[in-house]
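All values derive from a computational prediction rather than experimental measurement. No hydrogens, no waters, no symmetry mates; every other heavy atom, side chains included, goes into these values.
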Amino acid sequence: MERIRLNSPIRSGVVGWVYNWALETKTKAYYQDEESLSFTDLSGRLTSKKKEEGTEWLSEVSAVTLQQSLLDLNQPLTNFFEGRVE
């Protein structure tokens with residue numbers, strides 16, 4: 001069985017928070033709703049998350065940085081499901 005390495009390199013701060021939030025969101029959607037969220041889906045949800053009370057601080061960080069966290073999560077999953085993992 002192949003393993004997907006989603007935890008390295010270690011992420012911290014806002015980047016880590018977004019990565020972990022996206023991983024949790026994607027996992028819950030898959031197991032609870034049987035829905036597969038794309039990068040675009042997560043990006044839209046992140047935009048909404050930035051407007052929620054308690055996470056307004058996300059707006060203080062460049063959107064490029066936040067979206068890179070989503071891409072860092074999405075790429076290993078895409079590679080795995082498209083058979084590109086060695």
message: Salt bridge check, Glu35 against Arg45: does any charged N sit closer than 4.0 Å to a carboxylate O?
response: yes
statement: Closest heavy-atom pair, Ala22 versus Leu70, reported as atoms and distance to 0.1 Å, is CB-CD2, 3.5 Å
- prompt: Does any donor atom in the side chain of Ser69 or Asp72 lie under 3.5 Å from an acceptor atom in the other side chain?
  reply: no
- request: State yes or no: do Trp57 and Leu46 share one hydrophobic cluster built from I, L, V, M, F, W and Y residues joined by side-chain heavy-atom distances below 4.5 Å, directly or via other members?
  value: yes
query: Does the side chain to side chain contact (heavy atoms under 4.5 Å, CB included) test come out yes or no for Lys50 and Leu66, once each step is laid out?
result: CA-CA 11 Å; Lys50 289 164 62 172; Leu66 302 180; 4.1 Å; yes
message: To the closest 0.5 Å, what do you measure between CG (Leu37) and OH (Tyr30)?
response: 12.0 Å
- prompt: To the nearest 0.5 Å, how far apart are CG in Leu42 and CG in Leu23?
  reply: 9.5 Å
- request: Show your reasoning for whether side chain to side chain contact (heavy atoms under 4.5 Å, CB included) applies to Asn74 and Lys26.
  value: CA-CA 10 Å; Asn74 196 56; Lys26 196 168 180 80; 3.8 Å; yes
message: Could you check whether atom CD of Glu52 has more than 12 heavy atoms from other residues, nucleotides or ligands sitting under 6.0 Å from it?
response: yes
message: Show, in sequence, the C-alpha distance, side-chain angles and deciding distance for Leu73 and Val18, and conclude whether the side chain to side chain contact (heavy atoms under 4.5 Å, CB included) test is met.
response: CA-CA 10 Å; Leu73 171 64; Val18 171; over 6 Å; no
query: Nearest 0.5 Å, what's the CG-NZ distance between Asp33 and Lys28?
result: 10.5 Å
message: With side chain to side chain contact (heavy atoms under 4.5 Å, CB included) as the criterion, how do Trp21 and Thr55 come out once you've worked through the C-alpha distance, each side chain's angles and the decisive distance to 0.1 Å?
response: CA-CA 12 Å; Trp21 168 83; Thr55 54; over 6 Å; no
